[in-house]
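Just below is one structure, and these are the notes that go with it.
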Amino acid sequence: MLLFLILFYCIFIINRGFFVVGKKVLVTSALPYVNNVPHLGNLIGSVLSADAFARFMRVDGREVLFVLGTDEHGTTAEFKAMEEKLTPRELVDKYFLIHKNIYDWFQTSYDCLGRTSSKENAQITQHIFKKLYDNGYITEHSITQLYSEPSKKFLSDRFVEGECPYCHASGARGDQCDACGKLLDPSELIKPISKLDGSTPVLKETKHLYIDLPKIQPDLVEWFSESKSKWSNIAVSVTEQWLKQGLKERCITRDLEWGVKIPLEGWENKVFYSWFDAPIGYIGITIENRSDWKDWWMSEDVSLYQFMGKDNVPFHSIMFPAFLIGTKEGYKLVDYLASTDYLNYEDKKFSKSKNIGVFGDDAKDTGIASDVWRYYLFRVRPESGDTQFEWNDFQSKVNNELVGNFGNFVNRVVAQNEKFFSSVAPKSNHELLEKAGPLVEEYKSLFYSARIRDALSKANEISSLGNKYLQEKQPWIEVKTNPSGAALTIANCLELAKLLAVIYYPFTPTACEKIFGILGEKESIIKVGVSGAFEGIEEGRVITPKGILFEKIEDKRIVELKQKFG
RNA sequence: AGCGGGGUAGAGCAGCCUGGAGUGCUCGUCGGGCUCAUAACCCGAAGGUCGGAGGUUCAAAUCCUCUCCCCGCUACCA
């Protein structure tokens, strides 16, 4: 039977070649913008999704490189630094640490962690720009823009305030009026004032560099039509929309000091627009961490999976591929673009400015385990339409599914093995593993399509199988009349617990490692992997009970949390 | 305004692309079982004219047209 399983497994590897072409899997998470603390919606959309995916690929025997980092350039960072009376460098250093702590607390298993403000990223950004320039994909245009005489600087829209031309509220920003919500052009503002120095800015002509997307579009379209079959629906529809409208030249420079310098004479006072160097940051961060970066970014053996929220799609499906295609250097382009919709907070949008929702650092302070947060976030991952974070739902899913189904199954099996068989594993016949086999195949194929939420539901089904099996066999009764029959049941359940530890590993890694500890596994979960879990547990192995895996969330706690977070 | 996503049992969803008996999941409700386990687990029942109206078809939740609601986004906040 074991041979049969292995054969089945091999056939499956061949079949799923549709999704994975290369031997190596490169995974990126959208780089969160540093000057804010990420909220739960940001986390599940990119960082956590990429993490679960990377973990799954590792337990399924793939060689994985998971790239994560922070996006640190741009107007907002420079502006925020001014507000906090810091230099941009000091500001991003401060926030980088906040981000890193959050990712670490959520058990993000990144292989490379880096920053778009590194010297490596500046170099590769300049290199890619030069190639685009040499290949004729860069153009130059003049525009009129607000300029501050005293500071001798052009002002990007956030640096200007004035009276709204529509509702006449004061304090409207150059890009938008907060009072009436209208989008503005800075030149429309009545009585504009520079936020740098309080002077009245004047309109002045200046030059900017543009990337000639229309010229790259044919190559881009060709690539897109081959690749899109593997993308999430929302990613395809957003991209098609952009292509249908026809791409326009896009400005890639800004009048700022904080950013990557432009490697051309006469451009010393401008930097690249942060959306130029941000996606290139995936490569920059890899270079920052790995000397073998070309084996990942310039190799045909690699499959690239990119995770992000839906707002980020055009930058990954149009901009970044266009930059790379334009270099003609053969960089790896995205194979699977996995985007999510939004996670809302109790029917509202998460909002830092309005203080709505739970943020990365809050989760830690609740005292609820990282695994538990991860479980719920994956459980409501917005894979098809927006979803809600709700405290009542959080409690019910955690208590009923994570604790009641998975946690309780492992606990009751280990407890019975201790009580009836002195914590020594009896001999099994792999019956339960065989039953789980087809479900595990479904689980894997869901993961290969980046349907992480559905893969988790499938894992719950497998765990449920264990509880049903126990109920049917009733070893606690059989042990009195036919101990060897009960022993067989328990042995089979112990094997399922081992399998569960592997398949839940992408979601709740700490608990899964604990199960391996309880079961006395010598190797790591990754080393054993999904296929290894089907080898079962040999007779006579000593099992070591170590208490429950997850705590229930009490009603009282939920009431407190609801109150605390409004 | 334009674009996008939704409207499926009391609640939340999946199913729609590739039509085939309203099929399924989680919670809630009701009834039963079990007592190894974190009052857990297992079984069963009730409950829906699939937002509305037309159309295509032997057959529509699914495809097409129109219509009524909800929600997001609109590209120098990245």
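Not measured: the values here are computed from a predicted model. To find a chain, count down the sequence lines: A is the first, B the second, and so on, and within it residues start at 1.
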Counting any heavy atom closer than 4.0 Å, what does [X] reach on the DNA or RNA strands: base, sugar-phosphate only, or nothing?
X: A:N408; result: base
X: A:D341; result: nothing
X: A:G74; result: nothing
X: A:K248; result: base

What residues from residues 543-555 of chain A pass a heavy-atom cutoff of under 4.0 Å to RNA chain B?
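Hits under 4.0 Å, by residue number: A:I548, A:L549, A:F550, A:K552.
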
Begin with the C-alpha distance, continue with both residues' side-chain angles, and end with the deciding distance and a verdict on salt bridge (Lys or Arg N to Asp or Glu O under 4.0 Å) for A:R557 and A:E554.
CA-CA 5 Å; A:R557 191 84 194 95; A:E554 303 300 330; over 6 Å; no

Applying ring-ring contact (aromatic ring centres under 6.0 Å, His included), name anything that partners A:F409, two or more places apart in sequence or on another chain.
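A:F409 satisfies ring-ring contact (aromatic ring centres under 6.0 Å, His included) with no residue once adjacent residues are dropped.
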
Please enumerate all residues that pass salt bridge (Lys or Arg N to Asp or Glu O under 4.0 Å) together with A:D212, with sequence neighbours excluded.
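In terms of salt bridge (Lys or Arg N to Asp or Glu O under 4.0 Å), with neighbours along the sequence ignored, A:D212 is linked to no residue.
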
If we take the [atom1] atom in both [N] and [M], what is their distance in whole Å?
N: B:G12; M: B:G52; atom1: C1'; answer: 23 Å
N: B:G15; M: B:A60; atom1: C1'; answer: 14 Å
N: B:G33; M: B:A39; atom1: C1'; answer: 16 Å
N: B:C71; M: B:A53; atom1: P; answer: 24 Å
N: B:A9; M: B:C50; atom1: P; answer: 9 Å
N: B:U8; M: B:G55; atom1: P; answer: 24 Å
N: B:A14; M: B:G7; atom1: C1'; answer: 15 Å
N: B:U26; M: B:G44; atom1: P; answer: 12 Å

Whether A:N121 side chain and A:S118 backbone form a donor-acceptor pair below 3.5 Å:
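No, because the side chain of A:N121 does not come within donor-acceptor range (under 3.5 Å) of the backbone of A:S118.
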
Identify every side-chain donor-acceptor pair in residues 475-482 of chain A under 3.5 Å, counting partners at least two apart or on other chains, and give the distances.
residue : atom : partner : partner atom : Å
A:E478  : OE1  : A:A486  : N            : 3.4
A:E478  : OE2  : A:N482  : ND2          : 3.2
A:T481  : OG1  : A:E478  : O            : 3.3
A:N482  : OD1  : A:S484  : OG           : 3.1
A:N482  : OD1  : A:G485  : N            : 3.4

For A:S142, enumerate each residue passing the side-chain contact (heavy atoms from CB on, under 4.5 Å) test, keeping only those at least two apart in sequence or located in another chain.
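Once residues adjacent in sequence are excluded, the partners of A:S142 under the side-chain contact (heavy atoms from CB on, under 4.5 Å) criterion are A:E205, A:K207.
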
Tell me which one of A:Y376, A:F359, A:Y342 satisfies ring pair (Phe, Tyr, Trp, His ring centres under 6.0 Å) with A:F389.
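Filter result, single survivor: A:Y376.
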
Check if the side chain of A:Q471 and the base of B:C42 share a donor-acceptor pair of N or O atoms closer than 3.5 Å.
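Flag unset: no donor-acceptor pair detected.
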
Quick one: [X] [atom1] to [N] [atom2], roughly how many Å, whole number?
X: A:K473; N: B:C42; atom1: NZ; atom2: P; answer: 17 Å
X: A:W476; N: B:G33; atom1: CH2; atom2: C1'; answer: 11 Å
X: A:E472; N: B:C42; atom1: CD; atom2: C1'; answer: 9 Å
X: A:Q388; N: B:G5; atom1: CD; atom2: P; answer: 18 Å
X: A:L402; N: B:C27; atom1: CG; atom2: C1'; answer: 16 Å

Kindly point out which of B:C77, B:C36, B:A75 is positioned nearest to the side chain of A:A415?
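Nearest to the side-chain atoms of A:A415, counting from C-beta on, is B:C36.
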
Detail all sub-3.5 Å separations between protein N/O atoms and N/O atoms belonging to nucleotides 24-26 of chain B.
residue : atom : partner : partner atom : Å
B:U26   : O2'  : A:E401  : OE2          : 3.2

A:D93, CG: over 12 other non-hydrogen atoms inside 6.0 angstrom
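Check passes, neighbour count above 12.
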
Should [N] form a Watson-Crick or G-U wobble pair with both distances under 3.5 Å, which nucleotide is its partner?
N: B:U65; answer: B:A53
N: B:C25; answer: B:G12
N: B:U74; answer: B:A1
N: B:U18; answer: none
N: B:G44; answer: B:C30

Of A:A77 and A:D393, the one whose closest RNA chain B nucleotide lies more 5'
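First, find each residue's nearest nucleotide; the 5'-ward one identifies A:D393.
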
Comparing A:R451 and A:G404 on RNA chain B - which has the more 5′ nearest nucleotide
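First, find each residue's nearest nucleotide; the 5'-ward one identifies A:R451.
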
Between A:H316 and A:Y282, how do the two ring planes meet: parallel, tilted or perpendicular, split at 30° and 60°?
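The rings of A:H316 and A:Y282 sit tilted, inter-plane angle from 30° to 60°.
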
Which word best sums up how the rings of A:Y504 and A:F406 line up, parallel for under 30°, tilted for 30 to 60°, or perpendicular for over 60°?
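A:Y504 vs A:F406 ring planes: parallel.
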
List the steps, then state whether ring pair (Phe, Tyr, Trp, His ring centres under 6.0 Å) holds for A:F320 with A:F315.
CA-CA 6 Å; A:F320 188 38; A:F315 295 98; over 10 Å; no

